[in-house]
Chemist: 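The structure under discussion is supplied below as structure tokens; questions concerning it will follow.
Sequence lines set the chain letters: A, B, ... in the order given, protein chains first and strands last, and positions in each chain run from 1. Just so you know, these numbers come straight off a predicted model, no measurement behind them.
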Number of protein chains: 2
Amino acid sequence: MTKIRKIQLNEREMPTQWYNIQADMPNPLLPLLHPATKEPVGPSDLEPLFPLALIKQEMSTERYIDIPDQVLDLYRLYRPTPLHRAYNLEKMLDSPAKIYYKNESVSPPGSHKPNTAIPQAYYNYKQGVKKMTTETGAGQWGSALSFATNFFGIECKVFMVKVSFHQKPYRKTMMNLWNGQVIASPSEQTNAGRMFLAEDPDCPGSLGVAISEAIEVAAMNEDTKYSLGSVLNHVLLHQTIIGLESLKQLEMTGDFPDLVIGPFGGGSNFGGLAFPFLRYNFSDGKQTRCIAVESASCPKLTRGKFEYDFGDTAGMTPLIPMYTLGHKFIPPSIHAGGLRYHGAGAIVSQLLKDKLVEARSVEQADSFRAAMMFSRAEGMIPAPETAHAIAQVITEALTAREEGVAKTILFNFSGHGLLDMGAYEEYLEKDK
Amino acid sequence: MTKIRKIQLNEREMPTQWYNIQADMPNPLLPLLHPATKEPVGPSDLEPLFPLALIKQEMSTERYIDIPDQVLDLYRLYRPTPLHRAYNLEKMLDSPAKIYYKNESVSPPGSHKPNTAIPQAYYNYKQGVKKMTTETGAGQWGSALSFATNFFGIECKVFMVKVSFHQKPYRKTMMNLWNGQVIASPSEQTNAGRMFLAEDPDCPGSLGVAISEAIEVAAMNEDTKYSLGSVLNHVLLHQTIIGLESLKQLEMTGDFPDLVIGPFGGGSNFGGLAFPFLRYNFSDGKQTRCIAVESASCPKLTRGKFEYDFGDTAGMTPLIPMYTLGHKFIPPSIHAGGLRYHGAGAIVSQLLKDKLVEARSVEQADSFRAAMMFSRAEGMIPAPETAHAIAQVITEALTAREEGVAKTILFNFSGHGLLDMGAYEEYLEKDK
């Protein structure tokens, strides 16, 4: 029998609603708190930063939320994305495990990030917003928001973590190509940026620092809203299109995952894939293990504390109930810029606290070793963030071999590494 | 009604044979000539360079040739590729034209090139070949052959045109990642390379020069064969999978193209898409216009002569009956490295001579302008080679608007430009 390597949905089979896990969580989320009053934050507190539709989604407990037609239409530029069976990798590992990966790298910016960038740009556009600011680590999120805002004629200003700005120059060009404006963070353009530079003129930056800068610009300018690429509930909501499509695609194979694995920065990559499967753990008594894989250099889930902390470094956001290394933590300059975030977002933190999901950390060298193996087996070259998930997949597939169990493993191939070749070059040089 | 933006085939619908246009050409090809004797070349003359199966395909006039199972299996790593309808571009141009593009950029090396790299590596492997050499311009072909040989445990040595080697450093890393070895050409490793360096130590190289080096290594080493990424008949044959899939996909839309457009370097990009449609011109009386788009800096089709010429610069290949600028022509250092070739391959040359296909040339600046427009409309960022086809598509769509005719245009989105962002950066700077 011929091996079917890719499972494709056609556009008519694409889901038309997002799945909101807040409807099904055994323990509801603790509220966000106002940093000054320590009182729960209400919708009006968030209005300077976000359009109303997104604030409503942030707090919604409706199980399914309709995807607007215009968003569906733009999703179709690259969705539905293929689900691949990694036969070559299975063979290379001599594992009885079935390994599937959902290929989110086929979007024009090269990652899963446009899944939320498009609806965020859309809801801002509907509310008449003309300018948006955001932060970006490795550049995947900034590219995605530039790509999305460009369709709606919204100006986009991206604060890019300085170390990544220099490591990945092609990302800046990509954002410029889609009319995005890119500033290395910390910058001289904001009070927060000037403060960090005064403390340390060589500060490599971090997602937390860049968030402070982007929020400050939005808070100070009436015509400008802020956009976040992960962490928040509405962002994770939009990303569930990944898991919802994967569910349909796996149904076509007859398999159901024993393990769902995603890289973890702020939660949208992992949550987007895992939540639609977790739902069956809550409702059907299924026992899919969902594993979030973080960088060992930034181990908030495995070594952080669950407590109220700021989402940014300067302390401008509401207090979020989450696993955190402390908002002042500046992670080492690893290549997986998307994982360099001190916190974890409320939903995944609550699920981890309740032992409904698991977390693992992976060293950078192991992630590159896994990425090389995957590239040689399957062809596709993963982003450094994605490589962390692959390292864990390989560990699990080898465990399956030891145990002689034909587990089904699904992971999020969240982005390609074509704009991260500098990192690979460095790794290949070291490995000689 | 919802717009369907992408037409997907499933793996079972993928063609299992290539189409050989030699079976249907009104005038058969003139023979290749031996450079010393000027006698027609026989299979044995080519045996030092190619495995027998490929020599047989080179000379075959069978209409359909079976694709081996192992090749089909590796094709499935990225094939069938999607066919997109470029609604946003149509709207931006306010044109009644229907614009479709076949997206070959989804392969791991990012272009159509693996369609022939995989079978070439396969046939060499079947014959027990352990090492292969080749040339590459912008790096797309060298990446594809490294990707393909890696699956078969064949060592791959790539002579990369020096100017591209420096313009596109990430391509080298990509080849290394797939175990390819990359040498900037002209190099000190061959007689041909040393000769060109003696004439001009700053020689930027060209495809013709790099071919001379790669052929020399293969000719001098018994365990080594040579592989070419375009020009030859068997290469164009393998690429017809592009047009054959497109035919099936367009059938699902009810449209048939009035115009088929592809970038032109040596012929495999254009021919791979166009030949299966041309067949209907020969047999069904259809009148699809097929347009090959070359760089105005290297205008062999529009300004060259049809004559016997060498395929390489040093004069080591058989004499090929083709449109050429002369084998000593070294094209200017444009970014579209894949179009920097003095000749045109025998099949497309004969078809052009017989007025069965058309040719146009495009200036680099116009190609980048077109690429920017396309990237902003459809998201996907094209390779500089692909951008040449897009410039022509835009011209034709605007003509359709003037004429008020709803033409159907199909073009080959042969590769993405994610490893060419340096070229875009330069263009954006100039454009400021």
Chemist: Please examine the side chains of B/F151 and A/N88, heavy atoms only from C-beta on, and report whether any two atoms are closer than 4.5 Å.
Modeler: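 A side-chain contact under 4.5 Å exists here.
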Chemist: Just to be sure I understand the criterion: a residue of residues 372-381 of chain B counts if one of its heavy atoms is under 4.5 Å from a heavy atom of chain A. Which ones qualify?
Modeler: B/M372, B/S375, B/R376, B/A377, B/E378, B/G379, B/M380, B/I381
Chemist: Can you name the closest pair of heavy atoms from B/T173 and A/M421 and give their distance?
Modeler: CG2-O, 3.5 Å
Chemist: Counting only non-hydrogen atoms closer than 4.5 Å, can you tell me which residues of residues 100-121 of chain A sit against chain B?
Modeler: A/P108
Chemist: Check each atom of B/P80 against the heavy atoms of chain A and say whether the ones under 4.5 Å are side chain, backbone, both or neither.
Modeler: both
Chemist: Does CZ belonging to B/F152 count more than 12 external heavy atoms closer than 6.0 Å?
Modeler: yes
Chemist: Show the nearest heavy-atom pair for residues B/L419 and A/L418, with the distance to one decimal.
Modeler: CD2-O, 3.1 Å
Chemist: Under 4.5 Å from any heavy atom of chain B, what part of A/R79 do you find: side chain, backbone, both or neither?
Modeler: backbone
Chemist: Suppose we screen for side chain to side chain donor-acceptor pair (under 3.5 Å). Which residues come up paired with B/S143, at least two apart in sequence or across chains?
Modeler: B/R171
Chemist: Quick check for you: to the nearest 0.5 Å, what is the distance between A/N10 atom CG and B/I4 atom CD1?
Modeler: 7.0 Å
Chemist: Is there a side-chain contact between A/L9 and B/Q8, using heavy atoms and a 4.5 Å cut-off?
Modeler: no
Chemist: Using salt bridge (charged side-chain N to carboxylate O under 4.0 Å, His left out) as the criterion, list what pairs up with A/E11, not counting sequence neighbours.
Modeler: A/R76, B/K6
Chemist: Atom CD of residue position B/Q17 - does it have more than 12 heavy atoms of other residues, nucleotides or ligands inside 6.0 Å?
Modeler: yes
Chemist: Is the ring pair A/Y170/B/Y170 parallel, tilted or perpendicular, if the boundaries are 30 and 60 degrees?
Modeler: tilted
Chemist: Between B/R5 and A/D73, is any pair of side-chain heavy atoms under 4.5 Å apart?
Modeler: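 Yes, side chains in contact.
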Chemist: Tell me, do B/N176 and A/Y424 make a side-chain contact under 4.5 Å, heavy atoms counted?
Modeler: no
